[in-house]
Amino acid sequence: MKKLLLTLLFIPFLYACGQGDAATQSTEAQPIHDHDRCHLCGMMITKYPGPKGQLGLKGETIVPKFCSTRDMFNFALQPENKRQITHLKVHDMSVTDWEHPSDNSFIDATDAWYVYGTSKKAVMGPAVASFSTEAAATQFANDFGGAVLTYDQITIELLAGE
């Protein structure tokens, strides 16, 4: 009985210790350096135009960075990756240059608005342009075409063209 009682007393401590790593992991966007390569395809990230993405993974200190929001979503939406993600960041294209997005313009990807199917060129395939507001996304879609979508509307099927 004493062993059971002691075991039950230690469970909250074990849980608290396990939570410490997650609590100390930064959710701030990391700078993208000139020689950083895309976590998905290996391309040089800063060599190409359009919005970029990055994310955090549980228990990892490395920050996977992507040459496009499209590649970030292709990685993040995979079931084996999805459950490991702690946060996602994308560029707010309403406040940064399309050709050379600034590290200072990252926003939370889950709160962003997206334009898919635009005529604006990005790295590979149709761009998934990211914006902090629906109004900015709508204006971009009016100027360059595409559909305005929320984070939850970006799916593997959409990106695959199905």
Under a 4.5 Å side-chain heavy-atom rule over Ile, Leu, Val, Met, Phe, Trp and Tyr, are Ile156 and Leu149 clustered together? yes
Measuring from atom CE of Met93 to atom OG of Ser132, what distance do you get when rounded to the nearest 0.5 angstrom? 11.5 Å
Residues 40-54, side-chain donor-acceptor partners within the protein, below 3.5 Å, at least two apart:
| residue | atom | partner | partner atom | Å |
| --- | --- | --- | --- | --- |
| Thr46 | OG1 | Asp34 | O | 3.4 |
| Lys52 | NZ | Tyr48 | O | 2.5 |
| Lys52 | NZ | Pro49 | O | 3.2 |
| Lys52 | NZ | Gly50 | O | 3.2 |
| Lys52 | NZ | Cys67 | O | 3.3 |
| Gln54 | OE1 | Gln30 | N | 2.6 |
| Gln54 | NE2 | Gln30 | O | 2.8 |

For residues Val90 and Leu77: do they belong to one hydrophobic cluster (side chain heavy atoms under 4.5 Å, members Ile, Leu, Val, Met, Phe, Trp, Tyr)? yes
Taking side chain to side chain contact (heavy atoms under 4.5 Å, CB included) as the test, write out the residues that go with Asn81, two or more places apart. Phe75, Gln78
Rounded to the nearest 0.5 Å, what's the gap from CG on Leu88 to CD1 on Ile107? Could you check? 11.5 Å
Interatomic distance, CZ@Phe144 vs CD@Gln139, rounded to 0.5 Å, equals 9.5 Å
Do you know which two heavy atoms are closest between Ala109 and Tyr151, and how far apart they sit? O-CD1, 3.3 Å
Step through the shown structure and confirm whether more than 12 heavy atoms of other residues, nucleotides or ligands are within 6.0 Å of CD on Glu28. no
So if you build clusters from Ile, Leu, Val, Met, Phe, Trp, Tyr with side-chain heavy-atom gaps below 4.5 Å, do Val63 and Leu57 land together? no
Can you find a pair of side-chain heavy atoms, one from Leu158 and one from Gln153, that are under 4.5 Å apart? no
Asp92: what forms a salt bridge (charged side-chain N to carboxylate O under 4.0 Å, His left out) with it, not counting sequence neighbours? none
Backbone N/O of Ser102 and side chain of His91: donor-acceptor pair under 3.5 Å: yes
Can you tell me which residue pairs pass the salt bridge (Lys or Arg N to Asp or Glu O under 4.0 Å) test with a partner in residues 63-84, sequence neighbours excluded? Asp36-Lys65
Evaluate the criterion ring pair (Phe, Tyr, Trp, His ring centres under 6.0 Å) for residue pair Trp98 and Phe140; output intermediate values, then yes/no. CA-CA 12 Å; Trp98 187 268; Phe140 185 86; 5.6 Å; yes
Output every pair passing ring-ring contact (aromatic ring centres under 6.0 Å, His included) with a member in residues 107-127, not counting sequence neighbours, ordered by first then second residue. Phe73-Tyr114
For residues 109-137, which residue pairs qualify under salt bridge (Lys or Arg N to Asp or Glu O under 4.0 Å), counting only residues two or more places apart or in two chains? none
Does one side chain, of Asp108 or Thr110, offer a donor that lies under 3.5 Å from an acceptor on the other? yes
Can you name the nearest heavy-atom pair linking Ile62 to Pro64, along with the distance? O-CD, 3.4 Å
Is there a path of hydrophobic side-chain contacts, each under 4.5 Å between heavy atoms of I, L, V, M, F, W or Y residues, that connects Val115 with Val128? no
Nearest 0.5 Å please: distance from the CG atom of Leu55 over to the NE2 atom of His87. 7.0 Å
